[in-house]
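First the structure, in the form of structure tokens, and then the observations on it.
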Amino acid sequence: QVHLVESGGGLVQAGGSLRLSCEASGLTLRRYVMAWFRQAPGKEREFVAAIARSGGNTWLDDSARGRFTISKDNAKNTVYLQMNSIKPEDAAVYYCAADQGVILSQIRSYRQYDYWGQGTQVTVSS
């Protein structure tokens, strides 16, 4: 059974940094595309970042490019989202997602992912 457990969220000042972690069990990261999505109150879940099965390719939403980095440690079965220069509009619940068969053209669509964590809250003070 697949479980994804996010951690690392919290209260951060605008301009600060956080590192989110997603520890996976029941799957092998090398076989899954892993992604981060976020959802703010009243808004649809939106794509933040994804990393290829091999780890050789990453994708970032325009809002995250230059500030966020996605990475993974296959040995620890953990995916990370390093968030720098955080802005008030980054406040949301951040979710980790996994899918084995997502195609590249749909990698930004939350509907393509089969497995989800419970989310971790990021709150930004200005």
Side-chain angles (χ1 to χ4, degrees):
Q1 192 172 3
V2 175
H3 284 109
L4 303 175
V5 180
E6 302 95 335
S7 61
L11 176 64
V12 61
Q13 274 194 327
S17 298
L18 281 176
R19 189 176 81 156
L20 306 185
S21 299
C22 170
E23 185 171 355
S25 59
L27 60 78
T28 303
L29 287 190
R30 279 190 295 271
R31 298 179 181 175
Y32 285 77
V33 172
M34 302 297 296
W36 287 95
F37 288 79
R38 65 187 181 189
Q39 189 166 20
K43 294 188 176 181
E44 194 170 81
R45 193 166 296 191
E46 63 178 16
F47 172 79
V48 177
I51 187 165
R53 297 172 187 83
S54 67
N57 288 311
T58 61
W59 297 265
L60 290 168
D61 184 71
D62 287 345
S63 65
R65 193 165 292 119
R67 300 186 299 125
F68 295 1
T69 304
I70 185 171
S71 62
K72 64 175 181 172
D73 185 332
N74 287 338
K76 294 182 178 180
N77 236 30
T78 300
V79 182
Y80 304 98
L81 183 70
Q82 178 67 44
M83 305 169 62
N84 298 328
S85 302
I86 292 174
K87 302 177 180 179
E89 52 263 42
D90 294 323
V93 178
Y94 281 71
Y95 297 92
C96 177
D99 196 87
Q100 201 168 14
V102 62
I103 58 177
L104 291 182
S105 62
Q106 297 296 318
I107 208 164
R108 289 172 169 81
S109 172
Y110 70 86
R111 295 179 178 86
Q112 301 302 313
Y113 291 82
D114 285 339
Y115 302 107
W116 292 87
Q118 82 290 348
T120 186
Q121 177 74 51
V122 173
T123 303
V124 184
S125 64
S126 54

**OP:** Could you please spell out the steps behind the side chain to side chain contact (heavy atoms under 4.5 Å, CB included) verdict for T69 and Y80?
**Re:** CA-CA 8 Å; T69 304; Y80 304 98; over 6 Å; no

**OP:** Inspect the surroundings of CD in E89 and state if more than 12 heavy atoms from other residues, nucleotides or ligands are less than 6.0 Å away.
**Re:** yes

Original post:
Who pairs with F47 by ring pair (Phe, Tyr, Trp, His ring centres under 6.0 Å), at least two apart in sequence or on another chain?
Top reply: F37

Subject >> Minimum side-chain heavy-atom gap L4-Y95 below 4.5 Å >> reply: no

Subject >> Rounded distance (nearest 0.5 Å) linking atom NZ of K72 with atom OG of S54 >> reply: 6.5 Å

**OP:** Drop me the distance from W36's CH2 to T120's OG1, to the nearest 0.5 angstrom.
**Re:** 7.5 Å

Original post:
Minimum heavy-atom separation for V122 to G9, with atom names?
Top reply: CG2-CA, 4.3 Å

Original post:
Is Y94 close to M83 at the side-chain level, that is, under 4.5 Å between some pair of heavy atoms?
Top reply: yes

**OP:** Considering non-hydrogen atoms only, spot the tightest contact between R38 and A92 and give its length.
**Re:** CB-CB, 3.8 Å

**OP:** Taking the side chain as every heavy atom from C-beta outward, state whether I70 and W59 have any atom pair closer than 4.5 Å.
**Re:** no

**OP:** For the residue pair V2 and W116, establish whether any side-chain heavy-atom pair is separated by less than 4.5 Å.
**Re:** no

Original post:
Minimum heavy-atom separation for A14 to S126, with atom names?
Top reply: CB-CA, 4.3 Å

Original post:
Side-chain contact, heavy-atom cut-off 4.5 Å: R67 with D90?
Top reply: yes

Original post:
Is the backbone of M34 close enough, under 3.5 Å, to the side chain of Y113 for a donor and an acceptor to pair up by distance?
Top reply: no

Check residues 15-30 and write down every donor-acceptor pair under 3.5 Å in which the side-chain atom is one partner and the other belongs to a residue at least two apart or another chain.
{"unit_1": "S17", "atom_1": "OG", "unit_2": "N84", "atom_2": "OD1", "d": "3.0"}

Original post:
Mind checking what makes salt bridge (Lys or Arg N to Asp or Glu O under 4.0 Å) contact with R65, not counting sequence neighbours?
Top reply: D62

**OP:** Please name the pair of heavy atoms, one in A49 and one in L81, separated by the smallest distance, quoted to 0.1 Å.
**Re:** CB-CD1, 4.1 Å

Original post:
Would you find a donor on one side and an acceptor on the other, under 3.5 Å apart, between the side chain of D99 and the backbone of D114?
Top reply: yes

Original post:
With side chains defined as the heavy atoms from C-beta onward, is the minimum distance between F68 and D61 less than 4.5 Å?
Top reply: no

Original post:
Linking I/L/V/M/F/W/Y whenever any side-chain heavy atoms sit under 4.5 Å apart, do V102 and Y110 land together?
Top reply: yes

Subject >> Pairwise side-chain contact, R53 with R31, heavy-atom cut-off 4.5 Å (strictly under) >> reply: no

